[in-house]
Amino acid sequence: MQVIQVLGVLVVSYLLGSIPFGWIIVKLSTGRDIREVESGRMGGTNAMRAAGFLAGLLTAIGDIAKAYVTHWLVVWFIPADWGIRIWLEVAAPLMAILGHNYSIYLLTRHSDGTVKLRGGAGGAPCFGGTLGILPWSAYIILPIGVLVYVFVGYASVTTLSIAISATALFTYLTLTQGYPWQYILYGVFSFFILAWALRPNLKRLAEGTERAVGLRAYLQKRRQAQSK
C-alpha cells in the first residue's frame with residue numbers, strides 16, 4: 001500500500017506538471033499553436049509573445065499552481081510519520097517540473113519516426129514548487145527574479161535565478177535554522193533540469209546573440225534609434 005501511494009503521488013505530480021497551460025490558453029484565445037511561435041515553449045514568456053500579456057500572465061499562474069499543488073498531494077496522501085515523506089516533498093515538485101518540460105500531452109512524432117515530448121523551461125513550476133515547500137520564499141525569490149529580469153536583461157538567466165535563489169535560501173535555512181537538508185536538493189536538481197532545457201539559450205548567451213529583455217532591451221533599442 002505504501003509503495004502504491006508513493007508511486008501514485010509521483011505519477012500524479014508528473015501528470016499535473018504536464019498540463020500545457022500555455023498551449024491551452026493560446027489556442028483558446030487566438031487559435032494558434034504555441035509550439036509554432038518563437039521558441040515553441042509552453043511558458044508564460046512565449047504565451048505572451050503568442051497572445052499578449054494576459055495570456056502570458058494566466059499561463060505563468062497556472063504553471064506555478066500545478067507545481068505548488070504537488071506539495072498538498074504529499075500532505076494529503078503521505079502520513080507525516082513516514083520517513084519517505086520529506087523526500088517526496090522534494091521529488092513531487094521536481095516531477096511537476098519534468099512534466100512541464102516534457103509533457104506527455106504534447107508528444108510529437110516527427111517524420112523520421114522519432115518521438116519528442118515538448119514543454120517549457122521550468123521556471124514557473126520551479127517557483128511553484130518552492131512556494132509549496134516554503135510559502136514565504138516568494139518575498140525573496142520574486143523580487144530577485146524581477147531585478148535579474150530588469151537589470152541583467154535575459155529571460156533565461158531570470159529562469160535560472162529562481163532555482164539558484166531557492167538553493168541559496170534552503171542552504172541558509174538548513175545551516176542556520178535546522179531546516180531539512182533535503183530541501184537543498186530541490187534547488188540543486190531543479191537548477192540542472194532548468195539548465196538542461198535552456199541549453200540553446202545558454203549557447204546563444206555565450207555567443208552574445210541571446211534575446212535581451214528588460215533594461216538591456218530598452219537600451220539596445222535606444223542606441224539603435226540614435227544611430228539612425
Side-chain angles (χ1 to χ4, degrees), residues 17 20-22 25 34 38-39 41-71 90 93-94 96-101 119-174 179 183-206 210-220:
F21 284 109
I25 291 170
I34 193 174
E38 296 284 347
S39 67
R41 292 198 180 111
M42 302 299 118
T45 300
N46 208 40
M48 182 170 60
R49 297 186 189 119
F53 175 79
L54 182 59
L57 178 62
L58 292 175
T59 297
I61 292 173
D63 290 343
I64 291 169
K66 64 189 183 183
Y68 176 80
V69 168
T70 63
H71 173 77
V90 171
L94 287 175
I97 299 173
L98 287 172
H100 176 78
N101 288 7
C126 176
F127 181 50
T130 306
L131 291 183
I133 295 172
L134 191 68
W136 60 264
S137 64
Y139 298 114
I140 297 174
I141 294 176
L142 193 56
I144 290 175
V146 171
L147 290 173
V148 172
Y149 185 90
V150 172
F151 293 106
V152 176
Y154 295 110
S156 55
V157 178
T158 304
T159 298
L160 291 176
S161 75
I162 297 170
I164 293 171
S165 299
T167 303
L169 179 58
F170 288 138
T171 300
Y172 172 78
L173 293 173
T174 297
Y179 273 62
Y183 291 162
I184 301 173
L185 297 180
Y186 174 74
V188 172
F189 280 106
S190 62
F191 172 82
F192 284 112
I193 295 171
L194 269 56
W196 182 259
L198 289 167
R199 295 190 317 283
N201 303 75
L202 297 177
K203 184 175 183 291
R204 290 194 297 270
L205 192 62
E210 175 74 333
R211 180 203 297 265
V213 296
L215 184 60
R216 185 183 295 272
Y218 169 77
L219 293 175
Q220 286 181 357

Please report the C-alpha distance between Ile141 and Leu131 in whole Å, then the side-chain angles of each, then the deciding distance to 0.1 Å, and finally whether the side chain to side chain contact (heavy atoms under 4.5 Å, CB included) criterion is met.
-> CA-CA 10 Å; Ile141 294 176; Leu131 291 183; over 6 Å; no
If I take atom [atom1] from residue [X] and atom [atom2] from residue [Y], how far apart are they, to the nearest 0.5 angstrom?
X: Leu173; Y: Leu134; atom1: CG; atom2: CG; result: 6.0 Å
X: Thr174; Y: Ile184; atom1: OG1; atom2: CD1; result: 3.5 Å
X: Trp136; Y: Leu169; atom1: CH2; atom2: CG; result: 5.0 Å
X: Thr167; Y: Phe189; atom1: OG1; atom2: CZ; result: 11.0 Å
X: Ile162; Y: Thr130; atom1: CD1; atom2: OG1; result: 8.0 Å

Are side-chain heavy atoms of Ile133 and Phe170 found at a separation under 4.5 Å?
->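 Ile133 reaches Phe170 side chain to side chain.
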Closest approach of Ala197 to Asn101 (non-hydrogen atoms, all atoms of both residues) =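 Heavy-atom minimum between the residues: CB-ND2, 3.6 Å.
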Expected output: side-chain Tyr186 to main-chain Ala163 donor-acceptor under 3.5 Å | no
Output side-chain donor-acceptor pairs under 3.5 Å for residues 50-59, partner residues at least two apart or in another chain, one line each.
residue	atom	partner	partner atom	Å
Thr59	OG1	Ala55	O	2.8

Name all residues meeting the side-chain contact (heavy atoms from CB on, under 4.5 Å) criterion together with Val148; count only those two or more places apart in sequence or in a different chain, and write none if there are none.
-> Ile144, Val152, Val157, Thr158, Ser161
Residues in side-chain contact (heavy atoms from CB on, under 4.5 Å) with Phe151, at least two apart?
->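 In terms of side-chain contact (heavy atoms from CB on, under 4.5 Å), with neighbours along the sequence ignored, Phe151 is linked to Leu147, Leu215.
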List the atom pairs, with distances to 0.1 Å, where a side-chain N or O of residues 60-68 and a protein N or O form a donor-acceptor pair under 3.5 Å, not counting sequence neighbours.
residue	atom	partner	partner atom	Å
Asp63	OD1	Lys66	NZ	3.2
Lys66	NZ	Gly17	O	2.8
Lys66	NZ	Ile19	O	2.7
Lys66	NZ	His100	ND1	3.0
Tyr68	OH	Trp72	NE1	3.3

Residues at least two apart in sequence or cross-chain that pass side-chain hydrogen bond (donor to acceptor under 3.5 Å, both in side chains) with Thr45, listed by chain then number, are none
Scan residues 190-206 for pairs that pass side-chain hydrogen bond (donor to acceptor under 3.5 Å, both in side chains), counting only residues two or more places apart or in two chains.
->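 side-chain hydrogen bond (donor to acceptor under 3.5 Å, both in side chains) check on residues 190-206 returns Arg41-Asn201, Asn201-Glu210, Lys203-Glu207, Arg204-Glu210.
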